[in-house]
Protein chains: 2
Amino acid sequence: MTSNKKYKVGAIRERNSDRILIAAEEEFVLHGFKGTSMQSIADRAELPKANIHYYFKNKTNLYQAVLENIMTAWNEVLADMNEDSDPATVLTKFIHSKMQLSYTNPNGSKIFAMEIIQGAPHLREYISQDMRIWVKEKSAVIESWIAQGKMRAVDPTQLIFMIWATTQHYADFNTQVLEVMNRREYDDDGIQNITNFLTDMILTGCGLTAPQAV
Amino acid sequence: MTSNKKYKVGAIRERNSDRILIAAEEEFVLHGFKGTSMQSIADRAELPKANIHYYFKNKTNLYQAVLENIMTAWNEVLADMNEDSDPATVLTKFIHSKMQLSYTNPNGSKIFAMEIIQGAPHLREYISQDMRIWVKEKSAVIESWIAQGKMRAVDPTQLIFMIWATTQHYADFNTQVLEVMNRREYDDDGIQNITNFLTDMILTGCGLTAPQAV
DNA sequence: GTCTATATCCGGATAGAC
DNA sequence: GTCTATCCGGATATAGAC
């Protein structure tokens with residue numbers, strides 16, 4: 001009985017906590033960290049404001065939790081690539097999964113973008129540690145591909161920035177992209193077209209051609 | 001004497017107005033529209049808060065003025081290109097001037113980016129009017145280049161997005177880029193390298209080679 | 001665990017003296 | 001044109017009843 005109750009309480013906690021995180025994400029996207037009020041998050045989550053403070057001690061804490069959720073999803077992209085991999089296959093997969101993430105979780109991309117634009121006050125650590133090492137590792141692999149003559153000699157770091165910039169653009173600037181393209185929202189076809197365009201341009205730029213299978 | 005006084009007053013007005021606009025730009029970058037307080041702008045401009053309200057009726061007005069400044073600078077990029085132009089020359093110049101703008105006025109780029117990310121609440125009109133027409137016109141020219149066999153057949157709209165995304169990335173995400181590259185700030189050399197990388201990748205992707213002279 | 005009521009402070013905006 | 005003093009709504013955060 002005790003364990004049963006405990007389970008229930010834990011479930012409610014998780015359910016509410018999730019509601020709050022989702023609501024917070026939406027509000028932070030619309031108004032930024034400072035511009036977002038706890039009240040507006042509470043309203044969106046359909047909970048009293050005090051509950052938000054009960055689950056997440058304060059606004060900063062809640063924001064950090066939102067950021068952590070985002071970084072976790074980010075970190076799962078492109079885990080495995082090494083000197084023996086095929087560049088075309090890896091780059092294609094990289095572009096594909098980044099576009100997919102931008103499509104399925106644009107809010108995450110947007111919050112991250114705003115955070116960086118404002119000088120990364122809550123993410124300095126992450127960028128100068130994890131992200132820097134990540135780029136260094138991947139750059140080294142790309143360097144080895146170039147040394148092996150598998151692709152054109154292009155600056156690996158800039159190549160990674162280029163893939164980030166282009167894929168995230170469709171998530172972060174969706175308002176502008178959709179308006180200019182005269183669409184209401186993205187659909188699977190549109191995303192596929194964009195992914196193909198980016199893959200084509202970037203692979204060609206690297207002196208590669210599309211791989212057999214993705 | 002009267003005209004002399006009038007001139008002086010006008011000069012002071014312009015001087016103060018400029019101070020405020022510059023201070024506002026810096027604060028809006030750091031905290032977003034909603035997150036920025038008139039007090040912080042006043043402090044940065046070293047003027048009493050009431051003066052800000054005297055020069056710009058309210059916060060929205062001031063923000064719009066900042067945005068207009070930015071859009072004016074933006075609109076001067078790539079005024080002339082037509083069916084007879086050389087694609088490599090035009091694209092090179094386009095990338096070059098966008099990078100230059102990102103370098104000299106990163107705050108403008110950042111405020112614009114945040115505005116779009118948040119759904120362009122103050123720029124909907126501009127995007128669905130001016131910007132859409134701009135892209136349509138330039139796309140038509142690129143289409144004609146492709147029809148003339150001057151370059152590879154790539155989606156012109158996506159190509160424009162790609163140039164925007166990659167060049168603005170270095171302004172908007174400078175915190176991340178510099179941290180990853182382990183630099184304190186951009187220098188002329190670094191900007192030149194990046195510009196060369198982007199030009200090389202994008203021209204190659206379009207099946208072009210660098211032009212004789214820029 | 002939940003929610004009402006409230007303390008405390010900071011926001012935009014303006015009145016009115018200089 | 002400039003600036004002090006002030007209004008008032010809304011912000012974060014918490015105390016304490018349930």
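Letters A, B, ... mirror the listed sequences (proteins, then strands); counts begin at 1. Quick caveat, the model's predicted, so the values are computed rather than measured.
Ring geometry for Y186(B) against Y103(B) counts as perpendicular: the plane angle is over 60°, on a 0 to 90° scale with 30° as the lower cut. Between F173(B) and F112(A), the two ring planes are tilted [angle within 30° to 60°].
The side chain of N51(A) has dC3(C) as its nearest neighbour among dT12(D), dT2(D), dC3(C). The side chain of H53(A) lies closest to dA13(D) when the candidates are dA13(D), dC3(D), dT2(C). Proximity note for R13(A) (side chain, C-beta onward) versus dG1(C), dA13(C), dA13(D): the nearest is dG1(C).
Within the nucleic acid shown, T36(B) comes within 4.0 Å of sugar-phosphate atoms alone, with no base atom in reach, counting heavy atoms only. Heavy atoms of Y55(B) sit under 4.0 angstrom from primed sugar atoms or phosphate atoms, though from no base atom.
For the pair N61(B) CG and dG12(C) C1', the interatomic distance rounds to 14 Å; values are reported in whole Å. At whole-Å resolution of the value, CD in Q39(A) and P in dT4(C) are 11 Å apart. Nucleotide dC10(C) holds its P atom 16 Å from the NZ atom of K59(B), rounded to whole Å. For the pair K57(A) NZ and dA15(D) P, the computed distance is 12 Å after rounding to whole Å. For the pair M38(B) CE and dA11(D) P, the interatomic distance rounds to 18 Å; values are reported in whole Å. The NZ atom of K34(B) sits 13 Å away from the C1' atom of dG9(D) (whole-angstrom rounding). Counting to the nearest Å, the P atom of dT14(D) and the CZ atom of F56(A) are 16 Å from each other. For the pair Y54(B) OH and dC18(C) P, the interatomic distance rounds to 19 Å; values are reported in whole Å.
Remark: the backbone N or O of Y54(B) is not paired with any side-chain donor or acceptor of N51(B) at under 3.5 angstrom. Formation of a donor-acceptor pair under 3.5 Å by the E179(A) side chain with backbone atoms of R124(B) is not found in this model. Distance alone, capped at 3.5 Å, is enough to place a donor-acceptor pair between the S85(B) side chain and the N82(B) backbone.
Regarding contacts with the backbone of dT14(C), every side-chain N or O of N58(B) stays at 4.0 angstrom or more from both OP1 and OP2.
Contacts between residues 43-50 of chain B and DNA chain D, counted as heavy-atom distances below 4.0 Å, involve P48(B), A50(B).
Remark: D200(B) engages R152(A) in a salt bridge (charged side-chain N to carboxylate O under 4.0 Å, His left out) (not counting sequence neighbours).
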Donor-acceptor pairs are to be reported for all side-chain atoms of residues 32-39 of chain B against protein atoms at under 3.5 Å, with residues two or more places apart or in another chain.
from, atom 1, to, atom 2, distance (Å)
T36(B), OG1, E27(B), O, 3.1
T36(B), OG1, G32(B), O, 2.6
S37(B), OG, S40(B), N, 3.0
S37(B), OG, S40(B), OG, 3.4
Q39(B), NE2, D43(B), OD1, 3.0

